[in-house]
Amino acid sequence: MNLATPDLYRCPRCIALNAASLNEWCLCTTRDRTLVCRECGHCFCSAEETWKQTFWTVASPALVERRRRDREQHSVTASVEPDSVPRRPLILLIDDDRTVHAIVRRVLQSFGGSLIHAYDGEEGLRLARVADPELVITDALLPKLDGREIAAELKRVPRPGRHVVVMTAIYRGLRYRNEAFRTFHVDEFLEKPVSATKLRELVERMLHVQLEAKAAS
Amino acid sequence: MTTVAGEVLDVSMLEELRSMSGGDAAFLIDLFELYVSQSRELLRQMHASLRTDEPVAFARLAHALAGSSLNVGAKEVAEISRAIELAVIGGSLHPDASHVEKIGEALQRAHEAAETRLTSG
């Protein structure tokens, strides 16, 4: 899928050009606020995560702003309508180590929400602002922008229901742990190497979901 | 060369990954291939940092390599990378090509040991 040109939004199913630029939000989910193709009616919620992530990466500022306003409005509506459709949780993972992404993707494959990925600090903070995930898991040491700065920035404007977890780099756990809680106000702290069990427990606790535990056959 | 898996790999970490993946050998093999290819890229960047004489950048790359090595149980690579990182940061070692080579050799041993272990079930 070529999304190199920002104004050429192609539908992932019928590849119609500009399919998403002028249409309405889908109604099948209240979480992702994705769009419906005006050509074939395809809902973008069913597109691959990487497609959606790329889509929002190149989306016009006006569209991003429209989405933000819509989500804010929805958030208000949801708070006064307890019976409305529950949101699907969104997790953002920021790490420059691709093995971490592979492991976390595998651990969380059954959690029923969406996982989006960033590989440096700047990209991670931008995605956190655009996608507004419930849970941000970030490495402490990152290229371009430090993970602890990301945590502090996200905590500067707190939002109920959003959690920031810092995964420390190796070896320096205790120092980073204290600093992460006291200075950068993270909600949780994970040490590397990533423990699948701890990660699963953390996601279940923070997002109130039940993950399927895999057992080796 | 014959390698002893326990000296090169953290077998308990590999077993945790195996359990986490539900015993999916293909996932583990893909994960290790991803690790090896990412590590080779880090080694290339280490060589580049030597050419521009940037020991701090070199130490940071060694740190990154140690971290991802621990994630997949490549114990020996992690230990060597970590020792080099600390020595460079502490000022007792000025990195050169022999250090990159040493890590590269350990990476090769880890790759071979993991291949043997993962493909034999």
Side-chain angles (χ1 to χ4, degrees), chain A residues 50 93-111 115 117 119-121 137-148 166-173 175-176 189-204 211-217, chain B residues 9-10 12-42 45 56-57 59-75 77-79 81-86 89-90 107 110-111 114 118 121:
Chain A
T50 49
L93 174 64
I94 314 169
D95 202 303
D96 58 333
D97 181 350
R98 289 178 183 271
T99 63
V100 170
H101 288 267
I103 293 168
V104 172
R105 187 186 295 120
R106 186 73 183 209
V107 172
L108 299 183
Q109 67 180 4
S110 71
F111 97 102
L115 177 65
H117 305 265
Y119 298 90
D120 67 57
I137 302 173
T138 176
D139 191 16
L141 295 177
L142 288 167
K144 297 186 183 175
L145 181 65
D146 195 284
R148 292 161 298 175
V166 169
M167 226 190 266
T168 180
I170 50 171
Y171 306 117
R172 301 166 184 167
R175 182 163 73 84
Y176 271 129
F189 193 80
L190 284 178
E191 286 195 2
K192 284 186 173 179
V194 185
S195 156
T197 308
K198 282 186 181 170
L199 179 63
R200 192 180 287 119
E201 285 171 1
L202 180 134
V203 169
E204 286 180 341
L211 299 180
E212 179 187 336
K214 289 246 176 194
S217 52
Chain B
L9 302 175
D10 177 351
S12 65
M13 189 66 197
L14 279 181
E15 285 310 309
E16 184 180 335
L17 289 171
R18 190 193 297 275
S19 168
M20 176 272 288
S21 68
D24 184 348
F27 167 77
L28 292 175
I29 290 167
D30 287 349
L31 179 67
F32 218 88
E33 290 298 329
L34 174 65
Y35 158 72
V36 169
S37 104
Q38 178 176 269
S39 300
R40 285 180 179 148
E41 175 54 31
L42 287 172
Q45 290 177 27
V56 174
R60 189 178 175 109
L61 292 163
H63 181 86
L65 186 48
S68 82
S69 300
L70 285 179
N71 283 336
V72 298
K75 182 173 74 171
V77 181
E79 287 169 355
S81 303
R82 175 62 176 163
I84 290 173
E85 178 209 352
L86 285 181
I89 289 172
L107 179 64
H111 195 187
L118 297 175

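In the text below, chain A, chain B and the rest are named by the order of the sequence lines, each starting its count at 1. For the numbers below, each heavy atom of this structure counts, side chains included, while hydrogens, waters and symmetry mates do not.
Nearest heavy atom pair, residue B/Q38 against residue A/D96, reads OE1-O, 4.0 Å.
Two residues are said to be in side-chain contact when any heavy atoms from C-beta on lie closer than 4.5 Å; B/L70 and A/K192 fail this criterion.
Looking only at distances, no side-chain donor or acceptor of B/E16 sits under 3.5 Å from a matching main-chain atom of A/S195.
Residue with the most contacts toward chain A among B/R60, B/E15, B/M13: B/R60 (heavy-atom pairs, distance under 4.5 Å).
Distance check: B/H63 NE2 to A/L141 CG gives 5.0 Å after rounding to the nearest 0.5 Å. With values rounded to the nearest 0.5 angstrom, B/N71 atom CG is found 5.0 Å from A/I103 atom CD1.
Residues of residues 29-37 of chain B having a heavy atom under 4.5 Å from any heavy atom of chain A, listed by number: B/L31, B/L34, B/Y35.
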Just do the side-chain contact (heavy atoms from CB on, under 4.5 Å) check on B/L17 and A/R106 with the steps written out, would you? CA-CA 10 Å; B/L17 289 171; A/R106 186 73 183 209; over 6 Å; no
